[in-house]
Amino acid sequence: MTSVRQRPAGKGRRPLTFSLTPAQVNLWLAVATIGAAVTGLISWGVGTEWSRLWTALHGVFGVTLVVLTPAKAGGSVRVGLRRRRMSRWLSIAFGVLLLTVVVLGFAHSTGAWVGVGYWTSLWTHFLFAFIALPLLLWHILARPVRTRAVDFDRRMLLGGGAAVGVAAVTVGVVEAAVQVSGSSGGDRRFTGSHEVGSFDPDAMPTVSWIDDRAPESTEAEGWALTVNGAALAVADLRDQARPVEAALDCTGGWFSRQRWDVVSLAEVLGDALDGEVRSFAVRSTTGYRRHFPVRDATNVYLAVGYDGRPLRRGHGAPVRVVAPGYRGPWWVKWVIEVETSTRPWWLQLPFPAT
């Protein structure tokens with residue numbers, strides 16, 4: 001696909017070639033790898049309809065790596081293996097990791113394998129991608145792409161464009177096949193997540209972010225919840241709660257829609273949102289914290305139950321955040337503190353470090 005040549009039509013005309021040189025293959029592989037990493041992180045973190053675009057682009061970049069693999073294997077890879085340098089094993093490991101990442105992404109998107117228990121295919125996909133990151137950095141530093149001005153020619157544009165085009169068509173065909181076949185991959189949310197336990201709290205998974213652990217006791221009576229330093233009883237929240245339907249979309253690759261019993265942060269904070277307040281922070285008893293923009297106070301909630309039932313311990317009892325449009329890491333569990341702040345909401349890590 002990327003090594004097709006067209007012979008000159010007549011004497012005196014220069015051959016029009018669509019093949020890529022080894023340097024051009026490396027450049028396009030770099031573009032595809034960085035593109036896949038960036039779009040993957042964005043699609044992982046965005047919980048709105050925009051995630052559909054980023055998820056699709058992520059798939060296209062990933063398949064582009066596969067399309068370019070034969071050209072890479074027949075060029076610099078073959079030459080490198082012949083040299084028998086010890087570092088070739090690191091290069092081989094890097095290639096195997098990238099292939100594994102692509103296969104896991106394909107398995108998740110088609111529903112061919114969604115994981116075992118809470119160990120999902122998508123989380124494994126990201127795990128291997130993060131493991132591959134140091135090898136990617138080493139590969140770039142140890143074997144930098146040496147480019148020249150002549151590499152950026154029409155051949156590079158057409159050859160690379162053809163590879164991306166083939167990848168886009170492949171992604172479209174696979175998605176269509178998944179929809180027609182009726183496999184579980186066809187029911188994915190726009191974020192790519194599979195549905196699990198909707199409107200059945202007992203079937204909804206109980207997972208936490210990295211090393212965040214449920215507290216030993218989650219009894220509502222005496223739960224130490226404060227709002228800007230003032231105590232707020234869980235019982236008072238229950239008296240004010242109303243049902244809101246929202247989907248918890250976990251970065252592990254699943255989502256679950258429930259009817260949550262909630263009170264909006266706008267009601268909880270009231271006049272405290274006036275003045276120079278730019279964000280509000282919600283903190284868990286585990287120390288886990290997220291800042292939200294003040295404009296979202298009416299659409300971010302404190303939940304005390306689902307369908308009239310109290311929350312389960314693993315689901316954040318007795319109080320958790322329900323944040324429609326945000327991914328799972330923003331749905332803080334075991335809330336003990338809400339406070340307003342003049343700090344911009346974006347002045348924090350995109351994903352909590354722990």
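Not measured: the values here are computed from a predicted model.
Looking only at side-chain heavy atoms (C-beta outward), Ser43 and Val46 stay at 4.5 Å or farther from each other. In this structure, Val335 and Leu302 have side chains that are in contact, with non-hydrogen atoms separated by less than 4.5 Å. In this structure, Arg188 and Ser193 have side chains that are not in contact, with every pair of non-hydrogen atoms separated by 4.5 Å or more. Side-chain contact between Pro352 and Trp209 is present, with at least one heavy-atom pair separated by less than 4.5 Å. A heavy-atom distance below 4.5 Å is not found between the side chains of Ser208 and Tyr288. Counting heavy atoms from C-beta on, the side chains of Phe61 and Thr39 come closer than 4.5 Å. Side-chain contact check for Gln240 versus Val263: some heavy-atom pair is nearer than 4.5 Å. The shortest distance between side-chain heavy atoms of Pro293 and Ser279 does not fall below 4.5 Å.
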Verify side chain to side chain contact (heavy atoms under 4.5 Å, CB included) between Thr124 and Thr120, making sure each step is shown before the conclusion.
CA-CA 6 Å; Thr124 313; Thr120 66; 5.7 Å; no

Test side chain to side chain contact (heavy atoms under 4.5 Å, CB included) on Val282 and Trp330; report intermediate values, then the result.
CA-CA 9 Å; Val282 183; Trp330 294 80; over 6 Å; no

Step-by-step side chain to side chain contact (heavy atoms under 4.5 Å, CB included) determination, Val321 to Tyr301
CA-CA 6 Å; Val321 167; Tyr301 308 92; over 6 Å; no

Verdict with reasoning, Tyr326 to Asp249, per side-chain hydrogen bond (donor to acceptor under 3.5 Å, both in side chains)
CA-CA 8 Å; Tyr326 286 88; Asp249 197 332; over 6 Å; no

For side-chain hydrogen bond (donor to acceptor under 3.5 Å, both in side chains), just list the numbers for Thr286 and Trp334, CA-CA rounded to whole Å, side-chain angles, deciding distance to a tenth of an Å, and then say yes or no.
CA-CA 8 Å; Thr286 65; Trp334 313 297; over 6 Å; no

Does the side chain to side chain contact (heavy atoms under 4.5 Å, CB included) test come out yes or no for Val63 and Phe106, once each step is laid out?
CA-CA 9 Å; Val63 177; Phe106 178 83; over 6 Å; no

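Without hydrogens or angle criteria, His58 side chain to Ala36 main chain gives a donor-acceptor distance under 3.5 Å. Side-chain N or O atoms of Ser51 include none that pairs as donor or acceptor with a backbone N or O of Thr48 at under 3.5 Å. Not a single donor-acceptor pair under 3.5 Å links the side chain of Arg283 to the backbone N or O of Val338. Judged purely by atom type and a 3.5 angstrom limit, Gln179 uses its side chain to pair as donor or acceptor with the backbone of Gly186. Using modelled atom types, one side-chain atom of Asp153 and one backbone atom of Met156 make a donor-acceptor pair closer than 3.5 Å. With His315 contributing its side chain and Met204 its backbone, the two residues share a donor-acceptor pair below 3.5 Å. Listed for the Asp261 side chain is no donor-acceptor partner under 3.5 Å among the backbone atoms of Ala241. A donor-acceptor pair under 3.5 Å is absent between the side-chain atoms of Arg155 and the main chain of Gly159, judged by distance alone. Here the side chain of Gln258 pairs a donor or acceptor atom with the backbone of Gly197 at under 3.5 angstrom.
Closest approach of Arg327 and Thr251 over heavy atoms only: NH2-CA, 3.5 Å. The minimum heavy-atom distance between Glu339 and Asn228, with the atom names listed, is CA-OD1, 3.0 Å. Val60 and Ala167 make their closest contact through O-CB, 3.5 Å (heavy atoms, listed as atom of the first residue, atom of the second, distance). Closest heavy-atom contact between Gly62 and Val102: O-CG2, 4.0 Å. Closest non-hydrogen pair, Leu265 versus Phe280, comes out as CG-CE1, 3.7 Å. Closest approach of Ala303 to Val322, counting heavy atoms only: CB-CG2, 3.5 Å.
Under a 4.0 Å N-O distance rule, the pair Glu219/Arg313 does not qualify as a salt bridge. In summary, Arg309 and Asp202 engage in a salt bridge, as defined by a charged side-chain N under 4.0 Å from a carboxylate O. Arg189 has no carboxylate O lying under 4.0 Å from a charged side-chain N of Glu49, or vice versa, which leaves the two without a salt bridge.
Grouping the Ile, Leu, Val, Met, Phe, Trp and Tyr side chains by contacts below 4.5 angstrom, directly or via other members, places Leu269 with Trp345. In the hydrophobic clustering of this structure, Leu27 groups with Val67; members are Ile, Leu, Val, Met, Phe, Trp, Tyr whose side-chain heavy atoms approach within less than 4.5 Å, directly or through other members. The cluster map of Ile, Leu, Val, Met, Phe, Trp and Tyr, joined by side-chain heavy atoms under 4.5 Å apart, puts Trp138 and Leu136 in the same cluster. Residues Val101 and Ile131 are members of one and the same hydrophobic cluster, defined by side-chain heavy-atom contacts under 4.5 angstrom among Ile, Leu, Val, Met, Phe, Trp and Tyr. Under a hydrophobic clustering in which Ile, Leu, Val, Met, Phe, Trp and Tyr are joined whenever their side-chain heavy atoms come within less than 4.5 Å, directly or via other members, Trp44 and Trp119 fall into the same cluster.
Around atom CH2 of Trp223, more than 12 heavy atoms belonging to other residues, nucleotides or ligands sit under 6.0 Å away. For Trp50, the CH2 atom sits in a loose shell: 12 or fewer heavy atoms of surrounding residues, nucleotides or ligands are nearer than 6.0 Å.
Considering OG1 of Thr340 and CG of Leu273, their distance stands at 7.0 Å, rounded to 0.5 Å. Rounded to the nearest 0.5 Å, atoms CZ (Phe199) and OG (Ser256) are 8.5 Å apart. Separation of atoms CZ (Arg320) and CG (Leu311) is listed at 7.0 Å; rounding is to 0.5 Å. In this structure, Phe94 CZ and Leu133 CG are separated by 9.0 Å, a value rounded to the nearest 0.5 Å. To the nearest 0.5 Å, atom CD1 of residue Ile336 and atom OG of residue Ser284 are 6.5 Å apart. Atoms CG and CD, on Leu157 and Gln24 in that order, are 10.5 Å from each other to the nearest 0.5 Å.
Paired with Gln348 under the rule side-chain hydrogen bond (donor to acceptor under 3.5 Å, both in side chains), one option of His291, Arg290, Arg289 passes, and it is Arg290.
Take His194 and apply the ring pair (Phe, Tyr, Trp, His ring centres under 6.0 Å) test, not counting sequence neighbours, and it matches His108. Remark: Trp260 pairs with Tyr306, Trp331 by the ring pair (Phe, Tyr, Trp, His ring centres under 6.0 Å) rule, at least two apart or across chains.
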